[in-house]
Amino acid sequence: AIEDFINQGFDAIVMIAVSPEGFDRVIRLADRENVVLVPFDNVLDTDAVMQVNEDQLAMGRQWAEFVLKELAAKGKTSGKILEVRGLAGNSVDRDRSIGIHEVFDGSGGTWEIIQVVGNWDDGTAQKVVADALAVHGNTFDAVITQGGSTGTVQALLDAGHPMVPVGGEAENGFRKLVAEHSDEGLVGLSIGQSPGLVAISIKAAIAAL
């Protein structure tokens, strides 16, 4: 599709990449045709183009640090964590997960991390979390969900899982559930990508023309 846009004569292309690799030929074509490429959000593993993103590693670390702080307040230095990942093969999913594991690995505690793939989608996340609860029972000490956070928490509620710390995305439904069930012990950290990323990307593309 990007090759087609270049051949159609577009001067700049702002894009979200489903994979961080495999764009070398497109980058060479854009360079030859003097077309500006600006990947944003889900970016590429290259320094050959200008890119706009937030620090995904830092986001993963913040979730893990929040969960560990909440667990430490309860005297827990070991336990089982459910990690609900995003879209497989994507740079955002990869980097957030790396950040999460860096913090847990360096915490000095003993943590078992169970991973499921929720694709950043409420319905998918709700199903895979329900499946994980069916296999492992109500045994998780905390949950970190990259997206589909509303579905993740709904699965916990449906299963009658004890309220645990949940690190999740900047999703309104997730925030409402945390507020609604805070008296039952549900605490959450809700952070995510700024909608302003696309505006910044477009401005960057225009400035580069």
Side-chain angles (χ1 to χ4, degrees), residues 1 14-23 38-46 51-68 80-105 111-136 140-159 161 164-178 186 188-198 200-201:
V14 177
M15 57 185 262
I16 293 181
V18 296
S19 169
E21 301 175 340
F23 286 84
V38 184
F40 77 99
D41 190 358
N42 303 324
V43 294
L44 308 178
D45 289 339
T46 181
Q51 306 193 74
V52 177
N53 200 12
E54 298 184 46
D55 191 333
Q56 305 298 334
L57 279 167
M59 195 173 299
R61 293 185 188 117
Q62 286 179 20
W63 281 323
E65 288 164 358
F66 164 77
V67 162
L68 284 172
K80 185 182 293 186
I81 310 297
L82 179 61
E83 178 187 3
V84 185
R85 298 194 56 166
L87 191 65
N90 187 283
S91 64
V92 170
D93 167 71
R94 176 196 64 194
D95 293 346
R96 289 179 177 182
S97 186
I98 289 172
I100 291 166
H101 286 260
E102 282 181 353
V103 171
F104 278 105
D105 291 346
W111 305 101
E112 179 185 4
I113 300 180
I114 306 299
Q115 293 184 329
V116 294
V117 178
N119 291 336
W120 300 324
D121 171 73
D122 278 328
T124 305
Q126 185 170 347
K127 181 183 183 305
V128 297
V129 171
D131 290 344
L133 295 174
V135 172
H136 296 276
F140 292 105
D141 296 289
V143 178
I144 297 177
T145 176
Q146 288 196 23
S149 312
T150 309
T152 295
V153 174
Q154 191 59 57
L156 296 173
L157 293 169
D158 291 345
H161 194 287
V164 296
V166 179
E169 254 280 1
E171 297 164 326
N172 195 39
F174 170 52
R175 292 174 176 178
K176 286 182 174 181
L177 287 174
V178 171
L186 179 60
L189 174 65
S190 177
I191 55 175
Q193 300 284 73
S194 167
L197 277 181
V198 65
I200 295 169
S201 302

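As the structure is a prediction and not an experimental result, all values here were calculated from the model.
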Which pair of heavy atoms, one from [X] and one from [Y], lies closest together, and at what distance?
X	Y	answer
S190	A170	OG-CA, 3.3 Å
G188	F66	C-CZ, 3.6 Å
N119	A88	OD1-N, 4.4 Å
A132	V116	CB-CG1, 4.1 Å
I100	A64	O-CB, 3.7 Å
L68	V103	CD1-CG1, 3.4 Å

Whether over 12 other heavy atoms sit under 6.0 Å from K176 NZ:
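At most 12 heavy atoms, drawn from other residues, nucleotides or ligands, come within 6.0 Å of this atom.
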
Any side-chain heavy atom of [X] sitting closer than 4.5 Å to one from [Y]?
X	Y	value
H101	I113	yes
I200	V198	no
R175	S149	no
L156	L133	yes
M15	V38	no
V166	T145	yes
Q62	I191	yes
Q51	S201	no

Could you state the interatomic distance from [atom1] ([X]) to [atom2] ([Y]), rounded to the nearest 0.5 Å?
X	Y	atom1	atom2	result
Q146	L87	CD	CG	10.0 Å
L197	F40	CG	CZ	7.0 Å
Q56	R96	CD	CZ	4.5 Å

[X] side-chain N/O to [Y] backbone N/O, donor-acceptor pair under 3.5 Å:
X	Y	value
D121	G148	no
T152	A125	no
W111	I81	no
N53	D41	yes

Once the angle between the rings of F140 and H161 is folded into 0 to 90°, is it parallel (under 30°), tilted (30 to 60°) or perpendicular (over 60°)?
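The rings of F140 and H161 lie parallel, inter-plane angle below 30°.
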
Do [X] and [Y] have side-chain N/O donor and acceptor atoms under 3.5 Å apart?
X	Y	answer
Q126	Q154	no
H136	E112	no
Q193	E169	no
T150	E171	no

Answer yes or no: is there an ion pair linking R85 with D93, defined by an N-O contact shorter than 4.0 Å?
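Salt bridge flag = yes for D93 with R85.
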
So, are R94 and D45 salt-bridged, with charged N and O less than 4.0 Å apart?
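Looking at D45 together with R94, the answer is yes, because their closest N to O distance falls below 4.0 Å.
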
Would you please test I114 and L82 for side chain to side chain contact (heavy atoms under 4.5 Å, CB included) and show each step?
CA-CA 5 Å; I114 306 299; L82 179 61; 4.3 Å; yes

Does the side chain to side chain contact (heavy atoms under 4.5 Å, CB included) test come out yes or no for V43 and I16, once each step is laid out?
CA-CA 7 Å; V43 294; I16 293 181; over 6 Å; no

Dump the intermediate steps for side chain to side chain contact (heavy atoms under 4.5 Å, CB included) on V67 and I144, then the final yes or no.
CA-CA 8 Å; V67 162; I144 297 177; 3.8 Å; yes

